[in-house]
Structures are given as C-alpha cells and as structure tokens.
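The structure appears below as structure tokens.
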Amino acid sequence: MLTRPARRLSTAALAAVAGLAVLTPMAHAADADAAAKKPAKVTVAGYTKYLQTQKTPAAKKTLKKFGALNKARKARFVKHLNNRYIYEALTDQVKGSIGRPLHVVDPYNKDVRFITDVTSKVGKDKNHTTTVSFTMTEEIFKIPVTSERIKLTFQRTGKPGKKATAAAKATNVNAAINIKAGRVALKGNAAKISWAATPRVKAFGKKLAKTQSVASAQGYYKANLENR
C-alpha cells in the first residue's frame, strides 16, 4: 500500500489579494443587472432541471444517483453545492515515485469528501516517454460534482521539456458555478493551468480561481492544486 508522503496543506480558505478595478457607471450597472438575474441558490428542483438540460454523460449519471437520494439527503446535497467554502477547501499537494499510483480519500465532513488520484507510467520506447496524470475530485454522498485533471507527457531522456505536452480537463455538475480553463503552460517537464469558477447563484459569493500543476524530475513527481 502506498504511503502518502505529503498531504493537504490546509483545508482553510487561502487569502488572495486583488487589485481594485475602476469601473465606469455603465459597467457598474451591467454588473448589478447580471447579479440581479442570478438565482438566490441552487434548489432541489432547480438542480434536477439543471442536470436534465446538461445532456452530458456526467450529468446523466449524476441525475440518476441524485434522484435515488431521499428528500433529506437531496436538501443537504444542494446545500453543499451552494457552499463556497467546500469548493475553496478542495486543495492538495502530493509527491511520489513515477510508476506508483496514488489514491487518497480525504473527508471534509460526513457528506463530502475529496479524492486525490495520481497515475503515472513510463513507456518502453527508446526515449522512455512518461505520462503523469493528476486529478482532484469533490464528491457529495460519493457522487462526483467537480473534477479537475492535468496530464503531462514528456521524454525522460535528453533535454527536459523536449517534446513535452500537456492537457487539462474539468468535469463539473455543480450548478452553483461554471468552471472555465485557462491556457496550459509548459516549462521543462512541468505543466500548470488556472481554473476560474464563476458563480451561477448568489449564495456561492464571489469568483474563485485555482491553479493546478504537475512536475517531474529524476523518477519523481510533484502535484499541486491551490487557490490563488
């Protein structure tokens, strides 16, 4: 069984300092109008409708599992979706050896847990092409609601970064937010991406940004998901 060498740095919110933007009266009016159109919160009925309209494999699976919950659990489920602090606490920092999988379940409370997965493998080609995939998932009653993944592929022989590639993907069925990916940045055998969570309901509060990264050297990897 794999021993976890490094764990969550903090499940508390990480403070971020932002500059103040000078907005015109028209911009203020537009922001106020947009905020006024947002629903107050995600409700059970609203979440069911949201899942029905998404038409994605993840939404279909979630709809089936959410529909099987009892009334009390459905109410708690959507309450957790609205809670900014839960998504904000989805952070981790891990490291390990290439070729050894990592799977960690970290409970947030009795209903919510965070799952950290790292898989890696070395190819049998002459350049020993290596792939490292780092995924973090939030689950409510063991039902995935958000998942951010970054995958790095590189050659272990030769100069670091030679023919390196990276990709990232977010799967989101949390009706309280939209998650948008930034550009994947590559430097040597390291990749990084920014995720922007934009609230769809007033209850979630302000926007929230995260940075996810993975890097490898000398047969080891480091992976990180943090708020910024």
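Below, all heavy atoms of this structure are taken into account, side chains as well, without hydrogens, waters or symmetry copies.
Rounded to the nearest 0.5 angstrom, S213 OG and Q93 CD are separated by 8.0 Å. Rounding to the nearest 0.5 Å places CZ of F66 at 7.0 Å from CG of L51. The distance from atom OG1 of T62 to atom NZ of K64, rounded to the nearest 0.5 Å, is 12.0 Å. We find the CZ-NE2 distance between F141 and H80 to be 5.5 Å, quoted to the nearest 0.5 Å. Here OG1 of T119 is found 14.5 Å from CZ of R100. Values are rounded to the nearest 0.5 Å. In this structure, E139 CD and S147 OG are separated by 9.0 Å, a value rounded to the nearest 0.5 Å.
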Practice problem: Would you sort out whether V105 and H103 count as a side-chain contact (heavy atoms from CB on, under 4.5 Å), showing the intermediate values? | Solution: CA-CA 7 Å; V105 179; H103 176 76; 3.7 Å; yes
Self-check item: From CA spacing to verdict: side-chain contact (heavy atoms from CB on, under 4.5 Å), K38, V201
Solution: CA-CA 5 Å; K38 289 180 183 176; V201 294; 5.7 Å; no
Practice problem: Apply side-chain contact (heavy atoms from CB on, under 4.5 Å) to the pair Q52 and L63, showing each step before the final yes or no. | Solution: CA-CA 7 Å; Q52 290 171 338; L63 178 61; 3.8 Å; yes
Self-check item: F114 and T137: CA distance, side-chain angles, deciding distance, side-chain contact (heavy atoms from CB on, under 4.5 Å) verdict
Solution: CA-CA 6 Å; F114 302 142; T137 304; over 6 Å; no
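Counting only heavy atoms from C-beta outward, the side chains of T211 and L225 never approach each other to under 4.5 Å. The shortest distance between side-chain heavy atoms of M136 and I115 does not fall below 4.5 Å. No side-chain heavy atom of D117 sits less than 4.5 Å from a side-chain heavy atom of L102. Counting only heavy atoms from C-beta outward, the side chains of F154 and L152 approach each other to under 4.5 Å. Between L69 and I143 the shortest side-chain heavy-atom distance falls below 4.5 Å. Between I140 and L81 there is a side-chain heavy-atom pair separated by less than 4.5 Å. With a 4.5 Å cut-off on side-chain heavy atoms, L208 and E88 count as touching. A 4.5 Å side-chain heavy-atom check between I193 and R183 finds every atom pair outside the cut-off.
Using modelled atom types, one side-chain atom of K210 and one backbone atom of L90 make a donor-acceptor pair closer than 3.5 Å. The backbone N or O of V214 sits nowhere less than 3.5 Å from a side-chain atom of S216 that would complete a donor-acceptor pair. Judged by distance alone, the side chain of N82 and the main-chain N or O of V78 form a donor-acceptor pair under 3.5 Å.
In the hydrophobic cluster analysis, where Ile, Leu, Val, Met, Phe, Trp and Tyr join through side-chain heavy atoms closer than 4.5 angstrom, Y85 is grouped together with V112.
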Donor-acceptor contacts, no H, no angles, side chain residues 168-182, under 3.5 Å, sequence neighbours left out:
{"residue": "N172", "atom": "OD1", "partner": "N174", "partner atom": "N", "Å": "2.9"}
{"residue": "N172", "atom": "ND2", "partner": "I177", "partner atom": "O", "Å": "3.0"}
{"residue": "N174", "atom": "OD1", "partner": "A176", "partner atom": "N", "Å": "2.9"}

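Aromatic rings of F134 and Y221 (six-membered ring for Trp) have centroids beyond the 6.0 Å cut-off, not under it.
Listed here is the closest heavy atom pair of A190 and A215: CB-CB, 3.6 Å. Between A166 and V184, the closest heavy-atom pair is CB-CG1, 3.6 Å. Closest approach of L186 and A164 over heavy atoms only: CD1-O, 3.4 Å.
Partners of T43 by side chain to side chain contact (heavy atoms under 4.5 Å, CB included), not counting sequence neighbours, listed by chain and number: K41, A45.
Of the candidates K74, R76, R73, R76 is the only one forming a salt bridge (Lys or Arg N to Asp or Glu O under 4.0 Å) with D111. Results of the side chain to side chain contact (heavy atoms under 4.5 Å, CB included) test with Q212 over I150, D92, T135 single out I150 as the only residue that passes.
Counting non-hydrogen atoms of other residues, nucleotides and ligands closer than 6.0 Å to CZ of R84 gives a total above 12.
Ring geometry for Y87 versus F204: interplanar angle of 30 to 60°, hence tilted.
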